[in-house]
Structures are given as structure tokens and as C-alpha cells.
Engineer: 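Please find one structure pasted underneath; my questions will follow.
As the structure is a prediction and not an experimental result, all values here were calculated from the model.
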Amino acid sequence: MSQTIATSPGGTHTRRRSSGESTGRRSGILLTILLVGQFMAILDVQVTNVAAPTIRTDLHASSGGLQLIITGYTIAYAMLLITGARLGDRLGHRRLFLGGLALFTAASLACGLAGSSGMLIGFRLVQGAGAALMIPQVFSLIQRQFHGRERMRALSLYGAVIAGGAIAGQVVGGVLVSADLWGTGWRPVFLINVPIGVVLLIAGLRALPTDHGEPGRGLDLPGLVVLSLAVLGFVVPLVFGHEEGWPLWGWLCLAGAAVLMAVFVAVERRARSPLIPGRVLRSPGMITAVITIFALMTSYGGFLFTLALHLQSGLGFSPLRAGLTFVPSAVCFAISSLNWRRMPPHTYHRMIPTGLFVGTLSLVLLLLSVRSGDAPGTLFYISQVIFGLGFGAAFSPLLTVALSHVAPSDAADASGLLTTVTQLGNVVGVATFGTLYLSQVATSPSGHAESLTSGVEALLTLVAGGLALLLPRLAGPKTTGESASLDTPSH
């Protein structure tokens with residue numbers, strides 16, 4: 001505690017204020033470290049979308065290889081999130097945050113120096129693993145180190161950073177690729193993480209509180225392995241199937257993925273510490289919410305990936321112009337997702353299907369605006385605004401409704417499940433809609449390919465809206481603290 005030599009009647013107040021300012025400064029530094037780490041991880045989910053055409057040309061990547069460069073990060077990130085959270089509980093949140101940050105930073109350097117698409121895919125997987133170790137600790141440290149109004153403020157900033165990462169991912173990628181710093185092309189998209197990561201590591205060693213962890217729950221490694229193999233068995237044939245002429249091995253992988261999902265269910269039922277506890281899935285509306293989130297994010301992931309390809313490869317936009325084209329939808333998504341709580345609570349469950357039906361309309365308008373192959377006009381930008389407002393209005397309350405029926409003791413597992421489903425939906429969206437777009441653009445104009453892809457995305461979003469009608473009403477505020485980490489999407 002700081003001291004003062006003041007003898008005036010205000011001396012006591014000066015001493016308290018100085019102490020409070022010191023504590024507030026330390027809290028501010030801690031929160032800055034955590035949120036910048038969060039921002040980097042979210043940024044890297046989307047940053048490669050705009051850089052994809054340049055990466056493809058420079059590394060001579062195949063269509064399937066390009067999709068794995070995009071999705072490899074998210075696959076590892078999604079698969080290891082729950083495990084990362086449990087490791088933080090067991091080994092200490094400070095240790096896991098710094099360890100994950102170090103791995104993420106080193107992998108970012110390796111990605112920036114990669115000499116082939118195969119190397120870049122491998123390093124992206126490692127980068128995703130680092131993010132999965134680091135990111136669960138951010139929310140845990142906020143919950144442990146901040147209280148009362150400070151916690152609410154920290155969580156509001158946490159949500160804003162997640163929403164902002166979606167905007168920045170498209171724009172930063174476009175700016176860095178267009179700048180072509182020292183002739184490095186797409187490489188600064190990854191290399192920018194390195195100096196930021198080093199500074200965060202140095203600051204984190206000084207500012208992050210020491211904790212030693214607790215025994216906690218097990219890691220369920222058999223469940224993790226089986227689920228990872230099932231996801232890979234599903235994604236890999238989708239991204240390479242068209243390019244390889246849909247060979248027999250692809251169909252066998254898809255069949256094997258279905259079998260492995262059945263094996264995963266059996267393993268989870270017998271596991272002492274399952275990745276997905278059965279009582280979480282039995283919570284009212286959870287299964288419906290999981291399927292709805294998966295459908296929503298599949299459509300969303302496909303929209304971001306294929307539209308970025310259409311704008312650059314089809315219309316000849318520079319990476320910067322393509323990135324800036326996404327700003328209206330991303331800003332509207334952020335505004336909608338950060339302000340939905342201002343509506344009366346009894347409207348939350350209605351907001352979800354309404355938002356998805358509005359999202360369906362936006363994709364239909366996008367279909368109409370791109371099919372001619374002309375540069376984006378008024379209808380295109382109207383569709384972008386409506387898309388952001390609709391999807392943003394649906395996603396955040398959808399997660400809250402799902403979590404509101406979960407027991408507080410299971411909130412962490414439920415949050416991990418929904419976050420994992422969110423990221424897997426993004427992976428499947430890139431794989432399926434990326435394959436659809438790339439197969440169409442090989443024989444027809446880009447506008448036609450994007451129009452067809454948007455139409456299928458609209459149908460999927462419409463199905464998600466229909467499922468949302470089956471969701472229960474918001475149960476109440478019992479899990480407000482636990483679910484705050486999911487008030488906005490982890491893009």
C-alpha cells in the first residue's frame with residue numbers, strides 16, 4: 001500500500017485513492033494481457049480468409065490444401081478447448097495461459113516462414129493447439145481476479161474483443177496482404193503475432209497471479225482421441241473429395257467417421273470424466289440448441305470463406321478491398337450481439353428464430369446480388385447489413401437460452417460444449433461450402449457459384465430457424481456469471 005506525508009484533512013483520502021489507483025492499474029494491466037491474447041486467437045480464426053487466394057498462388061496449394069490451411073487452426077482449437085480448460089484447473093491457469101501463448105507465438109512464426117502448403121497446415125494445427133491451451137484460462141482468470149462491477153466491466157470488454165476479432169480478422173488480413181511488406185505477401189498475417197506474443201509473455205510473467213491448480217477432473221483422453229479421429233474422418237474427405245474425383249477412400253472415411261461417432265458415445269457413457277457429461281446433454285433444450293448452433297455456424301463459416309474467394313478470385317478485388325467489404329456485416333453483427341440484452345427478457349426466445357429468418361433473407365438477397373457477376377451494388381450491401389443484424393441477434397441469445405437451463409455446477413462443461421460446437425460448425429462450413437463453391441467455379445462463373453452456395457446456406461439457415469422455434473424460454477439468471485463468456489461468438 002502506498003503512503004503519503006500529507007497532513008491536510010484530505011491526507012487520508014489521498015492515501016486511499018493512491019492505493020486504489022495502484023490496484024486499478026494492476027487490474028488494468030492484467031486485463032489488457034488477457035484480452036490481447038484472446039484477440040490474437042480470435043483474429044486468427046478469420047484472418048486467413050482474405051489472404052487465402054494469395055497463399056494459394058504463392059504456395060501452389062490445392063483447393064483441399066487451401067481449405068485445410070483455413071480449417072486446420074480451428075479443428076485443433078475446437079478439439080482441445082475442453083481439455084485446455086481442465087488442464088488449467090489441474091496445473092494452474094497462469095501456467096497454461098503462458099504455455100499456450102508461447103506455443104501460439106512460436107507456431108505463428110513457423111506459419112509465417114512456411115515454405116509449402118503442407119508445412120503451413122501442420123503449423124496451423126500447432127497454432128490452434130496453443131490457442132486452445134491459452135483461451136480457456138482468460139475467462140477463468142477474469143472470474144477469479146475480478147469481482148462485482150469490475151467483473152461485469154471485464155466481461156463486457158471480453159465480449160467486445162470477441163466480436164471485434166471477427167471484424168479485425170477480415171480487415172487486418174486485407175491490410176497486411178495488400179501492403180506486401182518487404183515483398184513478404186501473406187506472411188505478415190502470421191508474423192504480426194510474434195512481437196505481440198513476446199511482449200505479452202514478458203508482461204504476463206510479471207503481472208499474472210500465481211496459482212498452483214487443483215486435482216480436479218480427469219482429461220478423458222480416449223474420448224478426445226476418438227472424437228478427433230471422427231472429425232478428421234469427416235472433414236478430410238470433404239475438402240479433398242472433389243479434387244480427387246471422390247475416390248473410395250473418401251467414402252470409407254465418411255463411413256468410418258459415423259462409426260467413430262457411435263464409438264465416441266459409448267466411450268463417453270463409460271468414462272469417469274467424460275468430455276461431454278450426459279446430464280449436460282439432458283438439460284432442457286440443449287440438444288436442440290447444439291444442432292441449431294452447428295447449423296448456424298456451418299452457414300456462417302461457409303459465407304465468410306466463399307464470399308472472400310468470390311470477391312478476390314471472381315471479381316478481382318484486392319485483399320484490402322475484400323476485407324473492407326465485410327465491415328458492414330461484421331459491425332452490425334457486433335452491435336446486435338452486444339446489445340440484445342437491452343430487449344425485454346421475455347422476447348429472447350423469439351429473437352432467436354426471428355434473427356435466423358432475417359439471416360435467411362439476407363442470404364437470398366446476396367444470392368440475387370451476386371449471380372450476375374457484377375461488382376457489389378446497393379442490394380449486396382443491404383444484404384450484408386441484414387446478415388450481421390440477423391445472425392448477431394440470434395447467436396448470443398441462443399447460447400444464453402441453452403446455458404440458462406444448465407445447473408451452475410455444470411456451466412463450465414456446457415460452455416465448453418457450445419464453444420466446441422461453434423468452432424466445429426465453422427470448420428464444416430468451410431469444408432462443405434468451400435467444396436461446393438470450388439467445384440462450381442471450375443465449370444461456371446464465380447457469380448453463379450457464389451449464388452448457388454448462398455442459396456444452400458440460406459436453406460440451412462432456414463432449417464436452423466425452424467429448430468429454434470422448439471427452444472425453451474430463458475430459465476432465469478442462475479447461470480449469468482457462468483455463461484457470460486458466451487454472450488458473443490468465438491469467431
Engineer: Parallel, tilted or perpendicular for Phe326 and Phe303, by the 30°/60° rule?
Structural biologist: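 Perpendicular.
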Engineer: How about Leu133 and Thr83: do any of their side-chain heavy atoms sit closer than 4.5 Å?
Structural biologist: no
Engineer: Which value, rounded to the nearest 0.5 Å, describes the distance between Gln38 atom CD and Leu34 atom CG?
Structural biologist: 9.0 Å
Engineer: Can you name the nearest heavy-atom pair linking Phe123 to Cys111, along with the distance?
Structural biologist: CB-SG, 3.5 Å
Engineer: How far apart are the C-alpha atoms of Leu307 and Gln384, what are their side-chain angles, what is the distance that settles it, and do they pass the side chain to side chain contact (heavy atoms under 4.5 Å, CB included) test?
Structural biologist: CA-CA 11 Å; Leu307 185 56; Gln384 296 304 288; 3.9 Å; yes
Engineer: In sequence, state the C-alpha distance, the side-chain angles, and the governing distance for Ile135 and Phe97, and then conclude on side chain to side chain contact (heavy atoms under 4.5 Å, CB included).
Structural biologist: CA-CA 7 Å; Ile135 294 310; Phe97 179 87; over 6 Å; no
Engineer: How many angstroms lie between atom CG of Leu462 and atom CG of Leu467, to the nearest 0.5 angstrom?
Structural biologist: 10.0 Å
Engineer: Mind listing the closest non-hydrogen atom pair of Asn426 and Gly301 along with its distance?
Structural biologist: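 Nearest pair, atom of Asn426 first, then Gly301: OD1-CA, 3.2 Å.
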Engineer: Any side-chain heavy-atom pair from Leu224 and Ile82 closer than 4.5 angstrom?
Structural biologist: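 Of all side-chain heavy-atom pairs linking Ile82 with Leu224, none is under 4.5 Å.
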Engineer: Classify the ring geometry between Phe391 and Phe387 as parallel (under 30°), tilted (30 to 60°) or perpendicular (over 60°).
Structural biologist: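 Aromatic pair Phe391/Phe387 classed parallel.
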Engineer: Hey, could you give me the CG/CE distance between Leu229 and Met79, rounded to the nearest 0.5 Å?
Structural biologist: 10.5 Å
Engineer: Under the 3.5 angstrom rule, does the side chain of Ser383 hit a backbone N or O of Phe380 as a donor-acceptor pair?
Structural biologist: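 A pair under 3.5 Å: yes.
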Engineer: If you define the side chain from C-beta out and look only at heavy atoms, does anything of Pro376 sit under 4.5 Å from Leu315?
Structural biologist: yes
Engineer: I'd like to know if the side chain of Ser451 reaches the main chain of His448, judged simply by a donor and an acceptor atom lying under 3.5 Å from each other, with no hydrogens or angles considered.
Structural biologist: no
Engineer: Could you tell me the separation between the CG atom of Leu311 and the CZ atom of Arg321, rounded to the nearest 0.5 Å?
Structural biologist: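 Going from the CG atom of Leu311 to the CZ atom of Arg321 covers 8.5 Å.
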Engineer: Taking C-beta and beyond as the side chain, do Leu68 and Arg124 meet within less than 4.5 Å on heavy atoms?
Structural biologist: no
Engineer: Does one side chain, of Tyr300 or Thr461, offer a donor that lies under 3.5 Å from an acceptor on the other?
Structural biologist: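 Short answer, no.
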Engineer: Measure the shortest side-chain to side-chain distance between Phe305 and Ile70 over non-hydrogen atoms and say whether it is less than 4.5 angstrom.
Structural biologist: yes
Engineer: Determine whether more than 12 heavy atoms belonging to other residues, nucleotides or ligands lie under 6.0 Å from atom CD1 of Ile192.
Structural biologist: no
Engineer: Looking at Arg272 and Asp220, is any side-chain nitrogen of the basic one under 4.0 Å from a carboxylate oxygen of the acidic one?
Structural biologist: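 Salt bridge: no.
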Engineer: Under 4.5 Å between any side-chain heavy atoms of Pro136 and Leu81, yes or no?
Structural biologist: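 SC-SC contact between Pro136 and Leu81 confirmed.
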Engineer: Kindly check if the number of other-residue, nucleotide or ligand heavy atoms within 6.0 Å of CH2 (Trp251) is above 12?
Structural biologist: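 Counting other residues, nucleotides and ligands, CH2 of Trp251 stays at 12 neighbours or fewer.
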Engineer: Identify the two heavy atoms, one from Ser299 and one from Leu363, that lie closest to each other, and give their separation to 0.1 Å.
Structural biologist: OG-CD1, 3.7 Å
Engineer: I'd like to know if the side chain of Ser108 pairs up with that of Gln127 as donor and acceptor (distance under 3.5 Å, no hydrogens or angles considered).
Structural biologist: yes
Engineer: Can any side-chain N or O of Thr354 pair as donor or acceptor with the backbone N or O of Met351 at less than 3.5 Å?
Structural biologist: no
Engineer: Please determine, by modelled atom types, if Glu450 and Thr306 share a side-chain donor-acceptor pair under 3.5 angstrom.
Structural biologist: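 Side-chain D/A pair, Glu450 to Thr306: present.
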Engineer: Using the side chain to side chain contact (heavy atoms under 4.5 Å, CB included) rule, take Leu417 and Met286 through it: C-alpha gap first, then chi angles, then the decisive distance, then the call.
Structural biologist: CA-CA 10 Å; Leu417 167 63; Met286 180 58 74; 4.3 Å; yes
Engineer: How long is the gap from CZ on Phe234 to CG on Leu260, to the nearest 0.5 Å?
Structural biologist: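 It comes to 13.0 Å.
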Engineer: Is the side chain of Tyr77 donor-acceptor paired with the backbone N or O of Gly72 at a distance under 3.5 Å, no angle test?
Structural biologist: no
Engineer: Does a side-chain heavy-atom distance below 4.5 Å link Val441 with Ser313?
Structural biologist: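 Val441 does not reach Ser313 side chain to side chain.
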Engineer: Ring pair (Phe, Tyr, Trp, His ring centres under 6.0 Å) for Phe433 and Tyr437? Distances and angles first, verdict last.
Structural biologist: CA-CA 6 Å; Phe433 289 111; Tyr437 172 83; over 10 Å; no
Engineer: Can any side-chain N or O of Arg269 pair as donor or acceptor with the backbone N or O of Gly278 at less than 3.5 Å?
Structural biologist: no
Engineer: Using a 4.5 Å cut-off on heavy atoms from C-beta on, say whether the side chain of Ser369 contacts that of Leu366.
Structural biologist: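 Answer yes - side chains close enough.
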Engineer: Specify the closest pair of heavy atoms between Ala129 and Leu80, including all atoms of both residues, with the distance to one decimal.
Structural biologist: CB-CD1, 3.7 Å
Engineer: Which heavy atom of Gly302 sits nearest a heavy atom of Glu457, and at what distance?
Structural biologist: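 Of all heavy-atom pairs spanning Gly302 and Glu457, the closest is C-OE2, 3.2 Å.
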Engineer: Treating Asn339 as the side-chain partner and Ile335 as the backbone partner, does any N or O pair qualify as donor plus acceptor under 3.5 Å?
Structural biologist: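 Such a contact is found between Asn339 side chain and Ile335 backbone.
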Engineer: If you round to the nearest 0.5 Å, how far is CE of Met297 from OG1 of Thr292?
Structural biologist: 13.5 Å
Engineer: Do side-chain atoms of Thr360 reach the backbone of Leu356 as a donor and acceptor pair under 3.5 angstrom?
Structural biologist: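 Checking the backbone N and O of Leu356 against the side chain of Thr360, a donor-acceptor pair under 3.5 Å is found.
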Engineer: What closest approach, in Å, do Ile121 and Gly65 show between heavy atoms, and which atom pair accounts for it?
Structural biologist: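 That closest heavy-atom pairing would be CD1-O, 3.7 Å.
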Engineer: Could you walk me through whether Leu389 and Val358 satisfy the side chain to side chain contact (heavy atoms under 4.5 Å, CB included) test, starting with their C-alpha distance in whole Å, then the side-chain angles of each, then the deciding distance to 0.1 Å, before giving a yes or no?
Structural biologist: CA-CA 8 Å; Leu389 292 174; Val358 169; 5.6 Å; no
